[in-house]
Amino acid sequence: MNAYNIILFTVLATLGSFSCSQNLDCIVSQFSQLKSVIRSCKYIIVSNLTVPAKTTLELNLLSGTSLVFEGRTTFEYAEWPGPLVKIHGDNVTIKGAPDSVLDGQGALYWDGQGGNGGKRKPKFIRIIATNSNFEKINLINCPVHCVTISHSNNITIRHWNIDVSDGDKNNFTGHNTDGFDVTRVQNAVIDNCTVQNQDDCIAINKGSNIRVSNMYCSGGHGLSLSVGTSNTHFKENVVTNVTFIDSIVHRSANGIHLKTHVDSGLGLISNILYDNIHLTDITNFGINVQQDYSNGSSTGVPKGNIPIVNFTLNNISGNMKSFRESPTLAVKILCGQDGCSDWTWNDVVITDARNASYCNYEPVGFSCK
Ligand SMILES: *[C@@H]1O[C@H](CO)[C@@H](O)[C@H](O)[C@H]1NC(C)=O
Ligand SMILES: *[C@@H]1O[C@H](CO)[C@@H](O)[C@H](O)[C@H]1NC(C)=O
Ligand SMILES: *[C@@H]1O[C@H](CO)[C@@H](O)[C@H](O)[C@H]1NC(C)=O
Ligand SMILES: *[C@@H]1O[C@H](CO)[C@@H](O)[C@H](O)[C@H]1NC(C)=O
Ligand SMILES: *[C@@H]1O[C@H](CO)[C@@H](O)[C@H](O)[C@H]1NC(C)=O
Ligand SMILES: *[C@@H]1O[C@H](CO)[C@@H](O)[C@H](O)[C@H]1NC(C)=O
Ligand SMILES: *[C@@H]1O[C@H](CO)[C@@H](O)[C@H](O)[C@H]1NC(C)=O
Ligand SMILES: *[C@@H]1O[C@H](CO)[C@@H](O)[C@H](O)[C@H]1NC(C)=O
Ligand SMILES: *[C@@H]1O[C@H](CO)[C@@H](O)[C@H](O)[C@H]1NC(C)=O
Ligand SMILES: *[C@@H]1O[C@H](CO)[C@@H](O)[C@H](O)[C@H]1NC(C)=O
């Protein structure tokens, strides 16, 4: 037991209802210990654990559990869909101890194809939770999508560091390494996280009342909404009441990206605010709103099946920087018929684009020159 453990156990033991203080049953350092610990303990330390290949670290926690990751949690290599970690719980708190890390060993998988082919790459973490907090988790080298949060209500994610920057070094072979994918989530806060990756920093697919603040995103595809599924129920394709505030997007393909899928059922994006977002060295589009997305690419033919209503931008600043001579547009707006209404954009200034902006709909307060 190191100093950190001793302090933690002392603190936890004094909180009462702590059944494991006399023995070390609540530390998981061997995978074989996991099942009995999560069934019986409410204070759990996952310490320097190696998770066997083709196995999910299933954290199906008792209500009220606190779990701390310490040391290095590693996942043996295997080509399979994952996820490598699955957290399920109500009223749980999950934290990373200082200097702890969960290592997905992405470099063993990256082949430039992400989720579209090549090696089968496991998704990293899946969270399904209510009334829960997730703090200070350090993730490195996701094989593909890093964190998927789904079917969750009233959760906070704070002070995470997701670092897939090695995916750029290795001849740009990390791909589809989304930081946070958020789907069917209500009442969530994602705050003070750093994401260095090769796809969306955060992508919200379905949900409401979500606040994203103090993010630092680098290398990826920006702060995104991506809405539309093959499900034809209207409520499956709705994102509403979302705020992105006080954040920085650096050296990414887009700063702000909203896309709707033309082959989806009807849906709605409404009451969206981006406020105080600073963009630096954006390589393709400062702000990209497209209603022409399908099967992973732009069709060029937009549809208004998922209208974007009441979309506010406030104080968006920054610059573009072409990468390998790529075209750069400060703003692109491609709306389908009746797809866009009630947009107000104030103080949107993005400099150094090579190409003129393009807009087939013009927000109040913004001139698309
Ligand atoms: C949540 O868990 C904490 C810690 O175990 C406990 O004190 C509290 O009563 C729980 N809250 C609810 C609403 O269950
Ligand atoms: C994890 O393992 C490393 C290497 O064996 C060791 O140096 C470190 O102290 C361990 N960390 C914890 C928190 O036990
Ligand atoms: C939200 O979760 C927190 C625990 O993280 C809890 O204290 C609070 O009561 C929950 N709010 C609602 C409305 O359930
Ligand atoms: C990157 O690609 C070049 C040329 O294909 C190759 O020589 C080099 O070894 C590669 N570097 C890495 C880190 O894979
Ligand atoms: C998160 O908070 C810490 C401490 O306040 C601060 O140093 C850091 O810059 C913040 N990170 C982001 C991405 O805002
Ligand atoms: C969105 O916010 C509005 C205004 O605050 C509120 O009336 C509405 O219930 C919210 N929508 C959802 C789906 O929570
Ligand atoms: C528009 O969205 C904002 C949040 O961005 C919200 O405060 C406001 O109530 C919404 N307006 C309407 C008419 O729903
Ligand atoms: C605009 O956003 C920047 C961050 O990008 C911030 O420093 C500045 O204070 C904001 N200005 C206002 C008037 O809120
Ligand atoms: C997308 O792909 C699906 C399945 O391959 C196909 O049925 C559909 O027509 C495609 N949609 C478009 C707009 O190309
Ligand atoms: C950007 O401008 C270049 C010429 O300056 C042009 O060849 C290219 O088609 C433009 N691309 C877009 C997307 O506007």
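Each ligand, and each atom within it, is numbered from 1 in the order the structure gives.
With respect to R184 and E236, a salt bridge is recorded, a charged nitrogen being found less than 4.0 Å from a carboxylate O. Using a 4.0 Å cut-off between charged nitrogen and carboxylate oxygen, R251 and D281 do not count as a salt-bridge pair.
At least one N or O atom of N310, backbone or side chain, sits closer than 3.5 Å to an N or O atom of ligand 7. Polar contact with ligand 5: present for N192 (N/O pair, distance under 3.5 Å).
For atom 14 (O) of ligand 10, the nearest protein heavy atom is under 4.0 Å away. The protein reaches atom 10 (C) of ligand 5 closely, with a heavy atom under 4.0 angstrom from it. For atom 4 (C) of ligand 10, the protein comes within 4.0 Å by no heavy atom at all. Per-atom contact check: atom 7 (O) of ligand 7 does not touch the protein, criterion being a heavy-atom distance below 4.0 Å.
A cation-pi arrangement, defined by a distance under 6.0 Å to the six-membered ring centre and an angle within 45 degrees of its axis, is absent between K121 and Y109.
Close contacts between ligand 5 and Y216 involve ligand atoms 13 (C) [criterion: under 4.0 Å to a heavy atom]. Interface atoms of ligand 5 facing T194, defined by a heavy-atom separation under 4.0 Å, are 13 (C). Atoms of ligand 7 lying under 4.0 Å from at least one heavy atom of L273, given by number and element, are 5 (O). Counting atoms of ligand 5 from 1 in the listed order, those under 4.0 Å from a heavy atom of N214 are 12 (C), 13 (C), 14 (O).
In the displayed structure, K86 atom NZ is contacted under 6.0 Å by at most 12 heavy atoms of other residues, nucleotides or ligands. Heavy atoms from other residues, nucleotides or ligands lying under 6.0 Å from CG of D99 number 12 at most. With a 6.0 Å radius and a threshold of 12 heavy atoms from other residues, nucleotides or ligands, Q337 has its CD atom at or below the threshold.
From the protein, the heavy atom lying nearest to atom 12 (C) of ligand 10 is N355 ND2, 3.1 Å.
Both the backbone and the side chain of N271 come within 4.0 Å of ligand 7, counting heavy atoms alone.
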### Task
For I308 and I272, run side chain to side chain contact (heavy atoms under 4.5 Å, CB included): C-alpha distance rounded to whole Å, both residues' side-chain angles, the deciding distance at 0.1 Å, then the answer.
CA-CA 9 Å; I308 301 172; I272 308 299; 5.6 Å; no

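Of the options F134, W160, F124, F244, a ring-ring contact (aromatic ring centres under 6.0 Å, His included) to F180 is made by W160 and by none of the others.
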